[in-house]
Protein chains: 2
Amino acid sequence: MNKEEQVILGFRDILNKIVWLNKPKMEESLKGHKSSEVHCLEFIGKNADSNVTKLAESFFMTRSAISKITKKLLEKDLIESYQKPENKKEIYFRLTEEGLAINKIHDDLHKEFRERDKKVFEQVTEEQFDSILSFVEMYSKHLDAEIKKQEVAIKPE
Amino acid sequence: MNKEEQVILGFRDILNKIVWLNKPKMEESLKGHKSSEVHCLEFIGKNADSNVTKLAESFFMTRSAISKITKKLLEKDLIESYQKPENKKEIYFRLTEEGLAINKIHDDLHKEFRERDKKVFEQVTEEQFDSILSFVEMYSKHLDAEIKKQEVAIKPE
DNA sequence: ATCATTTTGTTTCCTAGTCAACAAAAATGA
DNA sequence: TCATTTTTGTTGACTAGGAAACAAAATGAT
């Protein structure tokens with residue numbers, strides 16, 4: 001196997017394992033709230049004036065999917081929507097108190113997971129970190145460019 | 001943001017973008033076959049005596065899901081099943097000619113994607129590669145151990 | 001200003017995958 | 001040996017998410 005694929009498979013493997021491993025605790029602590037819902041809460045908490053479109057782009061999901069998730073979050077009163085006077089089309093979200101609380105629980109859980117994996121990250125040198133992060137950034141930017149290329153290639157048809 | 005999360009988010013971001021970017025060509029070349037089906041074909045092609053359980057473990061999916069996928073692959077005559085005389089329970093799979101052909105197309109497509117991303121990987125030094133791969137391996141092993149821990153912790157109940 | 005195009009969000013229909021329950025075979029243990 | 005437990009694969013009910021079609025608002029072009 002060549003290194004390119006080894007890297008990608010390695011990434012995928014790690015993420016799969018993390019999801020698998022975190023799932024039980026996630027479900028226990030965030031009873032009733034799906035992980036996609038919690039992810040949306042996290043994003044809305046961090047980004048002012050979040051809307052369906054921005055959420056969708058960030059998660060590489062369809063607006064359709066996000067629209068359904070935010071609908072649920074609204075019904076559960078974890079977020080509330082608002083609009084701006086100058087735009088009657090876009091609908092923004094912000095967290096409610098209750099949404100903030102869920103976010104906090106989620107944060108704490110992540111702290112716990114970080115603690116669990118600490119011994120791995122302790123063994124990583126600064127240079128190794130920088131090496132990994134610079135690769136990630138470079139690859140990510142390249143993919144952005146390729147995605148943009150593809151979009152203009154598809155649109156005109 | 002701390003580096004741990006930056007790394008994980010970076011990995012996730014890259015994989016999301018790759019999936020998003022590859023999807024159109026995948027669907028075009030492998031018309032009618034879903035990506036999960038093709039992944040199973042790939043695994044079956046590479047691993048002798050694949051069965052539902054091994055596929056499920058490798059992909060971190062349920063046996064249920066894999067069972068449905070292999071059922072479809074059988075119906076499409078892309079794989080065939082066989083058993084061993086000493087075991088009447090386990091059902092193994094191998095590729096048919098047609099399955100091999102699909103696999104080939106998939107392989108070529110990956111070559112194309114690798115070509116597309118070549119300029120990124122060309123800029124990566126050997127040391128950087130080794131740095132990344134050793135981190136991936138270390139983290140992966142740690143997660144394996146944690147998963148095993150969790151399994152024994154859950155089982156007795 | 002007006003008409004065409006694009007953007008945004010929603011809904012309906014459909015499919016992929018999970019969960020839970022199950023049956024059959026295999027492994028374990030007394 | 002025979003009974004219990006575990007493993008393996010399958011199914012049915014359910015849910016999350018994608019595709020397509022849509023309406024309403026915004027943007028752009030002339």
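Residue numbers begin at 1 in each chain, while the letters A, B, ... track the order of the sequences. Since we're looking at a predicted model, the values are computed, not measured. Keep in mind that the numbers below use all heavy atoms, side chains included, and drop hydrogens, waters and symmetry copies.
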Taking any strand in view, what nucleotide pairs with D/dG28 in a Watson-Crick or G-U wobble way, both distances under 3.5 Å?
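Pairing partner: C/dC3.
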Nearest-Å distance, [atom1] ([X]) to [atom2] ([N])?
X	N	atom1	atom2	value
A/Tyr82	C/dT8	OH	C1'	16 Å
B/Leu55	D/dT10	CG	C1'	15 Å
A/Lys54	C/dT7	NZ	P	15 Å
A/Lys89	D/dA26	NZ	P	7 Å
A/Glu75	C/dT10	CD	C1'	13 Å
A/Gln83	C/dG9	CD	C1'	11 Å
B/Leu74	D/dT10	CG	P	8 Å
B/Leu73	D/dT10	CG	C1'	16 Å

Name the residue closer to the 5' end of DNA chain C, choosing between B/Glu90 and A/Ile91 according to the nucleotide with the nearest heavy atom.
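In this pair, the answer is A/Ile91.
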Measure from the side-chain N and O atoms of [X] to the backbone N and O of [Y], and report whether any donor-acceptor pair falls under 3.5 Å.
X	Y	value
A/Gln123	A/Lys119	yes
B/Thr96	B/Asp77	yes
B/Asn87	B/Glu90	yes

Would you give a per-nucleotide map of nucleotides 13-23 of chain D, 5' to 3', where B means the base has a protein non-hydrogen atom under 4.0 Å away, S means only the sugar-phosphate does, and - means neither?
B--SBBBB---
Is there side-chain contact between B/Ile18 and A/Tyr139, with heavy atoms separated by less than 4.5 Å?
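Side chain of B/Ile18 against side chain of A/Tyr139, heavy atoms only: contact under 4.5 Å found.
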Measuring to OP1 and OP2 of C/dG9, would you say a side-chain N or O of A/Asn51 lies under 4.0 angstrom away?
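For C/dG9, OP1 or OP2 has a side-chain N or O of A/Asn51 closer than 4.0 Å.
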side-chain N/O A/Lys71 vs C/dT11 OP1/OP2, d < 4.0 Å
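For A/Lys71, the contact criterion (side-chain N or O under 4.0 Å from OP1 or OP2 of C/dT11) is met.
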May I ask you to check if A/Lys54 and A/Phe43 form a cation-pi contact, with NZ or CZ under 6.0 angstrom from the six-membered ring centre and within 45° of the axis?
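Because its charged atom misses either the 6.0 Å distance or the 45° angle limit, A/Lys54 does not stack over A/Phe43.
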Can you tell which of D/dT10, D/dA26, C/dG9 lies closest to the side chain of A/Asn87?
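Closest of the options to the side chain of A/Asn87: D/dA26.
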Between A/Glu80 and A/Tyr82, is any side-chain donor less than 3.5 angstrom from a side-chain acceptor?
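A/Glu80 vs A/Tyr82: no donor-acceptor pair found between side chains.
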Report the residues that fulfil side-chain hydrogen bond (donor to acceptor under 3.5 Å, both in side chains) with A/Lys71, sequence neighbours left out, ordered by chain and then residue number.
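So A/Lys71 forms no side-chain hydrogen bond (donor to acceptor under 3.5 Å, both in side chains) with any residue.
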